There are 2 protein chains.
Amino acid sequence: MILIDYQDRRPIYEQIVDRFQVLIVKGILKADSQLPSVRKLAMELSINPNTIQKAYTLLEQQGFIYPIKGRGNFVAQDIEGLSEQNAKFYEDLKDMVKYAMDRGISKDDFMEHAATYYGEERA
Amino acid sequence: MILIDYQDRRPIYEQIVDRFQVLIVKGILKADSQLPSVRKLAMELSINPNTIQKAYTLLEQQGFIYPIKGRGNFVAQDIEGLSEQNAKFYEDLKDMVKYAMDRGISKDDFMEHAATYYGEERA
DNA sequence: TTAAGTGTATTAGTACGAATAGTACAGTAT
DNA sequence: ATACTGTACTATTCGTACTAATACACTTAA
């Protein structure tokens, strides 16, 4: 369910957070379904449990999952973290536009590329 | 000409690279005009000369400037680095679109925001 | 030729974050 | 009771980013 890409420069815990975010948002992981336990997933990925723990803690802070002590971590019903997540995303997008403008990349070029990328990966 | 923002999380040399890139692309620094010397700018900003040096080395590798030993650094005539720069930019944009798609941000939302940001900062 | 200015190269030091390891504690289920 | 689960804390290792210090090489101008 989860794969680690050691070519990816991002830290492991961040990759794990990202993967679960996508699985949850896409509905592949249904609400209230259980995530693999910290120790089990750590074993499966051959990494330290603390790394998984860190990822789960972040996911909890973002509202994607909720923990029950002694039982496990579960997918949240309403993802309250999404709006905040999106807000940050739009901040990044704003920075990106600023960068483009500074480099003389026209609005049309920007839009055209974005549209293409959106189209490319449509199943 | 150059300011360091210590609130900015980016390293100093990166800020300097960015500033000069913009100054050069916008034509504020004309071709073959001289940049401040490594030591002078370092003195002016109260930082180590090596930090400036690192920035200048990057700018040279990207084709924005060219150095003459013993004389100084100068703005390149044709900025060959720009196409490569833009290629990287579009890669980042592609990643951003992928991220948005994964989180269920629609093409329209994405486009609308980008367009707004482009409009906002128009002088 | 000498002094002052320039870029260049190398090495070292510092700081920070990521990741691991180990241990201990607390709750749940069977 | 036992074996799972999450949680907390500390320490340590490791790699990298960043900055600093110093020495060397070249150019210019007096």
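Keep in mind that this is a model prediction, so the values were computed, not measured. Because only heavy atoms are used, hydrogens play no part in the values below, and waters and symmetry mates are left out as well, while side chains stay in. Proteins come first, then strands; the chains are lettered A, B, ... in the order of their sequence lines, and each starts at number 1.
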Find the distance [X]:[atom1] to [N]:[atom2] and express it as a whole number of Å.
X: A:Met43; N: D:dG6; atom1: CE; atom2: C1'; result: 16 Å
X: A:Tyr6; N: C:dT20; atom1: OH; atom2: C1'; result: 12 Å
X: A:Leu59; N: D:dG6; atom1: CG; atom2: C1'; result: 15 Å
X: B:Asp8; N: D:dC18; atom1: CG; atom2: C1'; result: 15 Å
X: B:Ile16; N: D:dC18; atom1: CD1; atom2: P; result: 12 Å
X: A:Leu45; N: C:dA19; atom1: CG; atom2: C1'; result: 14 Å
X: A:Arg9; N: D:dG15; atom1: CZ; atom2: P; result: 18 Å
X: A:Leu41; N: D:dT5; atom1: CG; atom2: P; result: 11 Å

(message) Strictly below 4.0 Å: does A:Asn73 bring a side-chain N or O up to OP1 or OP2 of D:dG6?
(response)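 So the side chain of A:Asn73 is within the cut-off, an N or O lying under 4.0 Å from OP1 or OP2 of D:dG6.
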(request) Ignoring backbone atoms, test whether B:Ser37 places a side-chain nitrogen or oxygen under 4.0 Å from the OP1 or OP2 oxygen of C:dG5. (result)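 It does not, given that no N or O in the side chain of B:Ser37 lies less than 4.0 Å from OP1 or OP2 of C:dG5.
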(request) Flag the pair B:Asp92 and B:Lys88 as a salt bridge only when some basic side-chain nitrogen lies within less than 4.0 angstrom of an acidic carboxylate oxygen. (result)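 Salt bridge absent between B:Asp92 and B:Lys88.
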(request) Output every pair passing salt bridge (charged side-chain N to carboxylate O under 4.0 Å, His left out) with a member in residues 12-22 of chain B, not counting sequence neighbours, ordered by first then second residue. (result)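 For residues 12-22 of chain B, and leaving out neighbouring residues, the salt bridge (charged side-chain N to carboxylate O under 4.0 Å, His left out) pairs sorted by first residue read A:Arg103-B:Asp18, B:Arg10-B:Asp18.
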(message) Which residues in residues 28-35 of chain B have a heavy atom closer than 4.0 Å to any atom of DNA chain D?
(response)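 Contacts with DNA chain D under 4.0 Å: none.
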(request) Check the side chains of B:Gln77 and B:Asp32 for a donor-acceptor pair under 3.5 angstrom, ignoring hydrogens and angles. (result)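 Checked: B:Asp32/B:Gln77 side chains pair up, N/O donor to acceptor below 3.5 Å.
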(request) Examine the side chains of A:Tyr13 and A:Asn50 and answer whether a donor and an acceptor come within less than 3.5 Å of each other. (result)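 Not at all, the side chains of A:Tyr13 and A:Asn50 share no donor-acceptor pair under 3.5 Å.
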(request) Could you encode protein contacts along nucleotides 19-29 of chain D as a string, one character per nucleotide from 5' to 3', using B for base contact, S for sugar-phosphate-only contact and - for no contact, with a heavy-atom cut-off of under 4.0 Å? (result) SBB-B--BSS-
(request) Working to the nearest 0.5 Å, report the span between CD1 of B:Ile28 and NZ of B:Lys30. (result)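 Nearest 0.5 Å value for the CD1-NZ distance: 9.0 Å.
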(request) Please round to the nearest 0.5 Å and tell me the distance separating atom CD of A:Gln53 and atom CG of A:Asn73. (result)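 Here the interatomic distance stands at 8.5 Å.
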(request) Please list, chain by chain and in numerical order, all residues satisfying ring-ring contact (aromatic ring centres under 6.0 Å, His included) with A:Phe64, sequence neighbours excluded. (result)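 A:Phe64 satisfies ring-ring contact (aromatic ring centres under 6.0 Å, His included) with no residue once adjacent residues are dropped.
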(message) Going by the rule salt bridge (charged side-chain N to carboxylate O under 4.0 Å, His left out), which residues pair with A:Asp95 if we only count those two or more places apart in sequence or in a different chain?
(response)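 For A:Asp95, no residue satisfies salt bridge (charged side-chain N to carboxylate O under 4.0 Å, His left out) once neighbours in sequence are set aside.
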(request) Mind checking side chain to side chain contact (heavy atoms under 4.5 Å, CB included) for A:Leu45 and listing every partner two or more places apart, or none if nothing turns up? (result)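 Applying side chain to side chain contact (heavy atoms under 4.5 Å, CB included) to A:Leu45 gives A:Ile2, A:Ile4, A:Ile16, A:Leu41, A:Ile47, A:Ile52.
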